[in-house]
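These notes concern the structure reproduced below.
Every number for a ligand or one of its atoms is a count from 1 in the order of the listing.
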Amino acid sequence: MSGEPVTGLLMWDEAVTGYDFGPSHPMDPVRLALTMGLVRAFGLDRAMRVRAAPAAGDSTLRLVHREDYVAAVREVSADPDAADGSYGLGTMDDPAFRGMHEASALIAGQSVAGAEAIWRGEAEHVVNFAGGLHHAMPGGAAGFCVYNDASLAIARLLELGAERVAYVDVDVHHGDGVQAAFWDDPRVLTVSLHEHPRTLFPQTGWPEETGGAAAEGSAVNVALPAGTGDEGWLRAFHATVPELLADFRPQVLVTQHGADTHFEDPLAHLAVSLDAQRAVQEACHGLAHTYADGRWLALGGGGYAVVDVVPRSWTHLVAIAAHRPVEPGTAIPASWRDEVYARTRQLAPGRMTDGRSPSWRDWEEGYDPADRTDQAVLATRRAVFPLRGMLT
Ligand SMILES: [Zn+2]
Ligand SMILES: [Zn+2]
């Protein structure tokens with residue numbers, strides 16, 4: 001197990017595409033298959049080790065989830081017609097399907113195994129783009145999420161002896177399940193940048209949510225106004241995340257890269273480009289090296305523009321973690337575009353860019369109290385930085 005760690009590990013088991021809520025649900029597993037197809041089309045599956053881990057077992061699931069909830073998932077997994085909405089199962093967002101327990105535990109198993117590989121020094125960077133199911137709660141399904149693989153990976157790191165784990169969530173929705181799991185645990189810093197709860201599910205993630213009594217200042221929320229574009233999104237990220245990580249000094253950085261911040265995403269209202277998403281992925285990679293000795297677990301998350309956005313965004317993520325970044329202007333291989341058409345009858349994008357060159361103003365250069373992005377950043381800094389003994 002010891003020796004020179006190979007930099008990148010990609011967790012992938014084709015069976016994760018069995019996480020399927022049905023044909024009318026926005027979380028179409030084709031987004032995972034197409035992402036893996038694009039990863040292969042760029043040869044990135046040879047730049048990283050690709051590994052399939054077993055499904056998370058009960059003792060692992062119970063690090064975060066309640067026993068009665070896991071039992072309920074098993075029950076509806078065997079008999080989907082029995083789901084009646086209790087535990088969030090059998091709802092519009094989380095309809096029950098046969099094999100739900102197995103598929104959900106398999107995704108969780110990939111994130112947990114990735115965390116273990118990082119902690120043991122077997123890999124420096126690990127990606128599980130099928131993961132990032134951040135809305136699942138200890139006692140219930142929510143927001144397309146059954147088991148919270150992000151929370152489980154973090155809980156496993158703590159079990160292995162980690163004392164400081166940072167979680168940074170840039171999905172357009174608040175990372176509420178992860179925040180809830182570690183609300184009272186000062187060993188875990190959760191940071192979520194998201195569209196404002198006034199306009200988006202799950203209606204939490206206010207700046208004033210800063211952690212429980214035992215862990216004040218361990219939850220950080222940046223609630224951005226609907227319509228925020230590249231410049232504001234990048235400014236908000238850089239005005240909060242690096243300083244927090246510099247202060248917290250995590251041993252491991254776990255990041256969630258939901259691609260639903262994109263301007264084409266049908267379920268939310270930010271206006272972020274693929275190019276800005278890539279810039280944040282690169283920033284997270286750099287922060288992992290600067291503050292966490294390179295220990296980086298990168299997860300997927302939401303993203304419902306399943307042809308145009310998700311595969312390109314997460315292929316960039318894999319490429320960055322493999323230390324083989326794909327230049328934004330790169331043309332997409334015809335083989336993948338053919339695969340997209342065959343599977344979806346949609347035309348695939350032609351390049352790995354939206355043609356933007358996003359830039360942002362540094363917070364140190366000052367802020368404008370009348371600017372809505374700056375107001376959001378200020379609210380967060382004022383709510384949480386003093387609790388951490390940091391200057392606002
Ligand atoms: Zn690296
Ligand atoms: Zn989301």
- request: Return the name of the atom in His285, of element N, O or S, nearest to the Zn ion (ligand 1).
  value: NE2
- request: Tell me which N, O or S atom of His323 sits nearest to the Zn ion (ligand 1).
  value: NE2
- prompt: Should the pair His285 and Trp296 be assigned to parallel (<30°), tilted (30 to 60°) or perpendicular (>60°) ring geometry?
  reply: parallel
query: Does any N, O or S atom in His194 come within less than 2.8 Å of the Zn ion (ligand 2)?
result: no
query: Of all the N, O or S atoms in His173, which one sits nearest to the Zn ion (ligand 2)?
result: ND1
- line: Among N, O or S atoms, Asp260 approaches the Zn ion (ligand 2) most closely through OD2
message: Are more than 12 heavy atoms, taken from residues, nucleotides or ligands other than Glu75, located less than 6.0 Å from that residue's CD atom?
response: no
- prompt: For atom CZ of Arg62, is the number of surrounding heavy atoms from other residues, nucleotides or ligands below 6.0 Å larger than 12?
  reply: yes
query: How are the rings of Tyr367 and Trp363 set to each other: parallel, tilted or perpendicular (split at 30° and 60°)?
result: parallel
Exercise: identify the closest heavy-atom pair between Asp354 and Asp275: N-OD2, 2.9 Å
- prompt: Asp171: which N/O/S atom is nearest the Zn ion (ligand 2)?
  reply: OD1
